[in-house]
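Remarks on the structure that follows.
Atoms considered below: every heavy atom in the structure, side chains included; atoms not considered: hydrogens, waters and symmetry mates. This is a predicted model, so every value here is computed, not measured. We name chains A, B, ... by the order of the sequence lines, and we start the count at 1 in each one.
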Number of protein chains: 2
Amino acid sequence: MSSNKYVYLFEEGRADMKQLLGGKGANLAEMTRIGLPVPPGFTITTEACNEYYRRGKSFPENMLEQSFQALSAVEEKTGKRFGDRDNPLLVSVRSGAAISMPGMMDTILNLGLNDITVEGLAALTGDRRFALDCYRRFIQMFANVVLEVEHHLFDDVMERYKKKMGLVFDYELPAEALASIIIEYKSIVLKETNREFPQEAREQLVMAIKAVFDSWNNQRAIVYRKLNKIPDELGTAVNVQVMAFGNMGADCGTGVAFTRNPSTGEKELYGEFLVNAQGEDVVAGIRTPTPISRLKEELPDVYEQFVRTCQTLENHYRDLQDIEFTVEKGTLYMLQTRSGKRTAAAAVKVAVDMVEEGLLTREEALLRVDPDQLNQLLHRQIDPGATLEVIARGLPASPGAASGKVVFDADEAEKLGSEGEKVILVRSETTPDDIHGIVKAQGVLTSRGGMTSHAAVVARGMGKPCVCGCEAIKIDYAAEQFTVDNLVVRKGEVISIDGATGNVMRGEVPMIDPVLSREFATLLSWADEIKKLGVRANADTPEDAAKAREFGAQGIGLCRTEHMFMAQERLPIVQEMILSDTEEARRAALAKLLPMQRDDFYGILKAMSGFPVTIRLLDPPLHEFLPGAEELLTQVLEMKHTGGAPEEIARIEFLLKKVHALHEFNPMLGHRGCRLGITYPEIYRMQARAIFEAVVRLKKEGVEVFPEVEIPLVMDVSELALLKREVLEVYEEVKQETGVEFEFSIGTMIELPRACMMADEIATEAEFFSFGTNDLTQTTLGFSRDDAEGKFIPVYVEKKILKDNPFAVLDRKGVGGLMKIAVEKGRSVKPNLLIGICGEHGGEPLSVEFCHQVGLQYVSCSPYRVPVARLAAAQAAVRNK
Amino acid sequence: MSSNKYVYLFEEGRADMKQLLGGKGANLAEMTRIGLPVPPGFTITTEACNEYYRRGKSFPENMLEQSFQALSAVEEKTGKRFGDRDNPLLVSVRSGAAISMPGMMDTILNLGLNDITVEGLAALTGDRRFALDCYRRFIQMFANVVLEVEHHLFDDVMERYKKKMGLVFDYELPAEALASIIIEYKSIVLKETNREFPQEAREQLVMAIKAVFDSWNNQRAIVYRKLNKIPDELGTAVNVQVMAFGNMGADCGTGVAFTRNPSTGEKELYGEFLVNAQGEDVVAGIRTPTPISRLKEELPDVYEQFVRTCQTLENHYRDLQDIEFTVEKGTLYMLQTRSGKRTAAAAVKVAVDMVEEGLLTREEALLRVDPDQLNQLLHRQIDPGATLEVIARGLPASPGAASGKVVFDADEAEKLGSEGEKVILVRSETTPDDIHGIVKAQGVLTSRGGMTSHAAVVARGMGKPCVCGCEAIKIDYAAEQFTVDNLVVRKGEVISIDGATGNVMRGEVPMIDPVLSREFATLLSWADEIKKLGVRANADTPEDAAKAREFGAQGIGLCRTEHMFMAQERLPIVQEMILSDTEEARRAALAKLLPMQRDDFYGILKAMSGFPVTIRLLDPPLHEFLPGAEELLTQVLEMKHTGGAPEEIARIEFLLKKVHALHEFNPMLGHRGCRLGITYPEIYRMQARAIFEAVVRLKKEGVEVFPEVEIPLVMDVSELALLKREVLEVYEEVKQETGVEFEFSIGTMIELPRACMMADEIATEAEFFSFGTNDLTQTTLGFSRDDAEGKFIPVYVEKKILKDNPFAVLDRKGVGGLMKIAVEKGRSVKPNLLIGICGEHGGEPLSVEFCHQVGLQYVSCSPYRVPVARLAAAQAAVRNK
């Protein structure tokens with residue numbers, strides 16, 4: 001059984017073994033395989049990690065034996081020996097899951113050092129300061145990650161020494177100071193853990209492997225996975241690799257680089273390099289590194305080799321690579337390569353460019369862009385014509401602009417953000433512990449750290465604006481303020497940041513609509529060629545309709561008419577209608593609404609000329625248009641006690657009585673949708689007339705329109721038949737009155753389980769179906785959206801009863817199962833029946849794919865989701881060929 | 001095509017042609033076929049009626065021609081001619097649908113009479129008074145039914161003449177008076193209709209046929225059909241038959257009889273006879289007729305022939321027959337036979353007796369009793385030991401006892417009855433126009449009319465107590481009171497009636513449980529042998545459980561635990577739990593509830609010992625246990641204005657805040673069912689503990705119990721899996737604590753569409769399914785029961801969008817379709833999965849049949865419906881063999 005092999009030497013693996021070796025391990029193996037300079041090492045598999053958890057956190061049988069065998073092989077390759085006093089082998093131990101989780105897992109460097117081997121290393125390298133620096137780093141990292149000793153205890157020691165000696169940088173500390181520091185470090189460990197720092201190299205290794213496994217379930221890993229919908233069952237691999245030292249002097253260093261600009265997608269080497277530094281120094285953002293181009297000046301041979309290697313990797317992987325490397329005494333070592341995270345703009349540009357470079361096919365390119373990401377490109381940016389009060393400039397780490405109140409704490413950012421406040425999280429640097437605050441912030445501003453610092457990487461992944469390394473700002477956490485020279489910005493003041501320029505401004509700044517790139521248009525034109533689904537928009541106003549067209553919508557899939565009833569000047573008339581006791585009085589009120597509705601439909605049909613427009617007749621229960629009972633009750637009681645006018649009291653009491661009469665226990669399942677049309681046909685007749693009169697006017701103006709009249713909440717064919725007859729009667733009237741004939745269709749929302757079960761009968765009367773998956777989700781799952789999303793859905797997602805909020809991602813088995821039945825039954829009667837979806841799922845990529853699979857003709861979503869849906873539809877077509 | 005033959009002579013038809021010829025026509029044909037004395041005639045088909053409506057109320061082609069040809073054949077047979085001045089043929093014209101609708105349709109007698117033929121009839125019979133009496137009856141009937149002239153206009157004339165001449169009965173009026181009356185009648189017709197009374201016999205016939213067709217859609221026919229769920233598409237046939245005259249003297253008469261007692265089922269001829277009377281006089285209840293036995297004394301030969309004929313008919317039809325006959329000058333004519341309506345008790349006795357007589361098989365007998373009717377037998381009757389203040393005695397027309405306020409008007413009875421008042425409708429006689437009042441009354445009391453009068457027939461059909469012909473009571477409609485001798489009973493006073501004895505009492509009387517007959521037990525024992533479905537009861541108390549056992553329940557299919565939370569002394573503890581902010585506080589409150597719940601379960605499990613008991617864990621949303629927001633708001637505002645104690649105001653404000661926090665927009669789809677168990681596992685754990693501790697106690701007492709723990713509102717297997725684990729943990733705890741092991745099962749309600757779609761997955765964790773069709777109907781149709789039943793379901797049923805209220809009769813296509821899916825999916829995983837139904841549909845015969853068809857193992861219903869379900873289950877087994 002393969003599950004008994006838990007350890008792979010790098011030369012035994014391949015890139016396609018990610019599931020087993022993790023992304024990092026698989027790529028180290030792949031780089032080894034294609035001959036790139038990778039320090040030797042081995043990978044303990046994700047299966048070992050899963051087995052570890054299955055056994056209640058104890059290692060699988062043979063795993064350690066296999067690890068030590070692999071370690072022997074590495075010793076042989078390097079000629080060094082682990083724990084050897086003269087020629088000690090040092091290793092790094094890193095986690096690596098199948099899906100990249102940057103910064104989320106723990107790493108230990110220089111493992112194998114102890115009081116004895118450190119002297120061997122010193123002798124071997126002839127650099128005692130270097131050896132001691134490695135050891136003190138190792139103690140600090142190991143103590144923090146494995147022994148859970150707080151980081152700052154060690155930092156305090158370092159700061160104390162530097163201050164005492166008047167030094168600024170760690171690397172300025174001399175060997176003697178480091179030796180003293182190491183003694184202090186070890187005593188901290190003893191004090192905090194009640195045991196000596198482990199001196200046995202193998203024990204260190206075993207403890208580190210266990211810590212990596214354990215880190216799979218630390219708090220920030222869990223949060224990250226939840227946020228990114230990564231299954232908990234993946235597990236992490238452990239990579240044990242011979243150390244390459246970037247901290248041995250000026251001909252050493254460590255760096256990270258992207259093969260193309262991850263922010264813009266430009267084809268240029270993009271990255272940073274830190275001379276005389278080790279591993280995590282770059283990513284952690286503690287020192288601000290120099291651009292990669294500096295390497296060219298300082299170590300031109302290494303630079304050239306690095307550029308060639310990058311090209312090799314990009315051609316090999318056919319994707320933008322995110323690379324970590326170390327230079328040890330002028331020799332280049334590759335430590336990691338992976339597909340690089342990038343902004344939406346970069347993703348689009350890289351995909352299109354690579355097609356043009358012949359690296360990818362169009363279909364492959366379409367799959368390279370996450371549809372959800374596109375949304376970022378469609379939102380507003382700072383008006384370039386605006387005069388800005390720029391108070392500081394940092395690195396443009398993640399594009400987009402944002403305004404919000406300054407907040408210095410991730411918890412506070414989360415709290416205010418959850419309450420709907422717009423906040424900008426301002427930190428000297430961020431760590432994985434700040435993620436929950438970044439999620440809820442509009443953007444992030446840091447005073448330290450480069451383009452590849454934690455803040456930058458995370459913000460880009462989330463599509464949030466980020467300015468980092470803005471050293472001009474001095475943060476005073478205690479005073480809850482930052483200063484830029486003499487300017488003080490306090491917590492709660494509004495600032496704006498522009499992640500495309502790195503600018504930081506005071507106050508809010510004017511924003512404009514985004515300009516979409518050539519590549520964006522190209523990619524979506526390819527999407528349109530390949531996709532099978534039409535994409536329409538849900539729009540209730542001519543403005544929304546125009547916006548939707550601009551984004552490529554091919555019609556309106558849902559025009560809700562109730563929003564038109566809610567307008568301030570109309571509500572009193574709507575209430576007059578509702579309060580009427582006779583059909584005549586209702587008709588009189590409706591007559592006043594008719595010209596307004598006609599203008600509504602005129603505008604929206606015109607804005608969508610040439611495309612179909614599905615207009616849904618009135619849907620919500622009538623009490624939604626009246627004030628609430630408690631509000632009225634309070635008014636009445638107050639007036640009675642304060643001597644209000646008797647007529648006014650009587651009026652409100654009458655209103656209250658009506659509100660009580662119309663009260664429903666479960667309005668969602670109440671007197672709404674076509675049930676209103678059945679009981680008050682005059683309302684639907686007015687709406688039908690408004691539509692048809694608008695069509696006549698447009699016809700006369702020569703505008704081509706295709707109205708689709710939609711009857712909501714149908715559960716039986718006879719409802720549809722009855723209301724269809726009413727609508728057709730109105731059409732005949734309008735035709736008689738105006739002498740104008742025109743085409744239109746009548747269909748229905750499918751939004752109740754019974755409608756799905758009866759779809760064959762309903763199809764006999766319907767010219768189209770449109771799945772109202774919001775309501776269908778409510779009834780199929782028995783979830784009132786208004787109640788469930790706030791109350792128990794979060795608990796359900798947390799307890800993994802639900803994978804996703806079913807109102808965001810279509811529930812394929814339940815709701816989807818009913819949709820399949822409806823499609824099959826509907827088409828059994830009318831093989832060419834037009835079927836679409838207009839629930840919010842119509843703009844969600846996974847749901848769009850499902851719609852493709854069950855053979856709908858179109859999806860409809862909010863205007864800003866139209867490009868998302870177009871790309872998702874194309875991906876569905878490619879994936880389901 | 002058969003649809004072109006619209007007219008059948010009686011000798012052309014058969015009993016099995018009911019659909020085409022109507023019940024009356026088919027039976028007249030059948031009696032003709034088997035040689036019984038039936039006056040000749042023909043039937044115009046129901047197809048002709050339907051075609052008439054399809055053509056917008058115009059006769060189908062050839063229908064009249066065919067009718068006149070048939071009339072010629074009849075003329076030939078009788079030697080008389082229609083409209084002939086010397087030997088005129090007179091006919092009756094009657095409606096007759098496929099399903100008997102007694103009293104609902106219109107009849108015309110003596111058609112063919114006019115100013116000339118009346119003289120021919122006089123000459124022919126030598127009885128001018130008779131001829132004139134026929135003519136004046138004809139004018140009155142024709143004018144009323146065909147020309148829509150109000151009845152009372154003619155009655156007033158008759159009354160005036162009788163009063164003037166000091167006469168009591170119609171038949172005492174001499175010929176001269178009748179001649180004058182005819183002249184006045186004709187002038188009433190002229191005045192009211194602006195045209196002369198039609199003199200042309202064929203015109204009369206054509207108009208009468210049209211009137212019969214039209215009567216199919218008169219108001220009372222529509223009400224009756226709706227009440228009895230008769231499809232509108234059946235249409236009525238028209239029977240045209242040669243008149244037999246019961247009003248030609250003392251050797252004449254007319255009568256109705258049942259071949260067995262329709263009230264008790266006793267094998268005895270049961271009926272009434274009216275000497276010298278015509279047709280409708282008996283049924284209309286205007287004169288109180290004499291028992292059929294009087295015929296034996298007065299016309300012994302005729303009586304003997306009649307008894308023989310009755311026997312022939314009963315043997316031929318193998319059912320209790322309801323017969324109409326006329327004796328003309330000593331000759332017996334059969335005018336109608338049909339299956340006789342009977343009380344539930346009679347239905348049961350007749351069915352069982354006929355098996356014992358060898359007339360029926362057991363299976364046939366089981367099909368002869370309407371399961372819904374059985375309910376009548378199970379309800380309370382007057383305590384025979386009670387001392388009753390009997391104020392009058394009438395005929396025991398429909399068994400059962402009832403108390404209620406006296407009401408004299410059907411409209412008022414309907415109004416008060418709808419408002420929940422118990423009323424007794426008191427009338428001198430009832431007509432079809434009173435039906436809506438009878439429906440809403442507890443019982444009916446009439447001062448005139450016999451056992452076959454309208455009131456008696458209708459009340460028996462509805463299973464409502466009725467006392468009729470109670471001549472001791474004198475009704476004064478104007479004063480809204482009735483008197484019995486000196487006793488005055490005013491509108492609104494309470495009386496009681498006993499339809500089994502005919503007694504009328506003042507005030508309410510003590511009632512007792514019914515005594516069930518030997519035949520009842522026999523029939524249900526046959527049902528149990530044949531049925532495949534188990535029958536359980538829904539019961540929440542030991543009393544209900546005991547009652548259910550008595551009625552033959554084989555377990556409890558649904559024991560709701562929320563009712564136990566609502567008890568007065570418990571509600572404060574439940575509220576304490578809900579208002580707790582911590583799990584500890586909730587646990588403390590639950591600890592107080594535990595012993596109470598344990599006692600609940602102890603009692604109910606004991607009462608059902610030996611049978612399974614399904615206990616559903618808490619289901620309703622928690623806010624149901626708190627007061628309403630408006631109530632609290634009113635209290636707070638009142639107290640603030642009247643200076644209430646600040647602590648009390650604060651307390652109520654806190655409560656109001658909690659009520660607002662728990663408020664749900666759609667509680668039906670909210671935080672309830674297993675969602676409570678997921679978010680507050682301690683509640684379900686307490687309930688599980690209460691169940692298990694009760695079981696342990698019973699085990700120790702040697703009582704055999706089979707608890708089934710039911711998790712409600714599951715929509716995904718993981719909900720069930722999670723809560724199952726909690727319940728199993730509690731079981732392990734109780735087992736540890738007590739050392740007692742026992743069997744139980746854990747399963748789920750299937751009451752959401754998604755649960756149906758996911759039934760295969762859910763079945764992996766469930767040991768049983770129980771369909772909660774109340775909620776499944778709500779979600780499948782999107783109908784909130786609380787809102788829909790009062791508001792739009794009545795409109796839907798009226799507009800025929802729905803055939804039945806889907807909460808009463810299971811919606812087979814929608815809800816039933818989902819049930820089928822669930823059964824198939826569930827059994828695909830567990831072929832022997834126990835599946836039942838516990839929605840209210842479990843006691844409704846049509847729904848029970850569906851449950852049989854889809855292969856459930858049991859139905860569960862309220863205790864009083866258990867016998868209904870047993871019989872319905874047996875019928876389903878017979879019908880679906």
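Remark: L722(B) CG to K800(A) NZ distance equals 11.5 Å, nearest 0.5 Å. K799(A) NZ to S718(B) OG: the interatomic distance, rounded to the nearest 0.5 Å, is 11.5 Å. Separation of atoms CZ (F665(B)) and CG (N666(A)) is listed at 12.5 Å; rounding is to 0.5 Å.
Ring planes of F792(A) and H671(B): tilted class, angle from 30 to 60°.
Using a 4.5 Å cut-off between heavy atoms, K791(B) touches chain A through its side chain atoms alone. If you measure heavy-atom distances from E761(B) to chain A, the contacts under 4.5 Å come from the side chain alone. When heavy atoms are compared at a cutoff of 4.5 Å, M758(B) approaches chain A solely by way of its side chain, counted from C-beta outward. Neither the backbone nor the side chain of D775(B) has a heavy atom closer than 4.5 Å to any heavy atom of chain A. Contact of L662(B) with chain A is made through the backbone alone, with heavy-atom distances under 4.5 Å. With a 4.5 Å cut-off on non-hydrogen atoms, A759(B) does not touch chain A at all.
A pairwise comparison of heavy atoms in L752(B) and L781(A) identifies CD1-O, 3.3 Å as the closest pair. Minimum heavy-atom separation, L637(A) to E638(B): CD2-OE2, 3.5 Å. For the residue pair E664(A) and D787(B), the shortest heavy atom distance occurs at CA-OD1, 3.2 Å. The two residues E630(A) and L633(B) have their closest heavy-atom pair at O-CD2, 3.5 Å.
By the ring-ring contact (aromatic ring centres under 6.0 Å, His included) test, F850(A) is found to be paired with no residue, residues two or more places apart in sequence or in another chain being considered.
For residues 816-827 of chain A, heavy-atom neighbours of chain B at less than 4.5 Å comprise G817(A), L818(A), I821(A), sorted by residue number.
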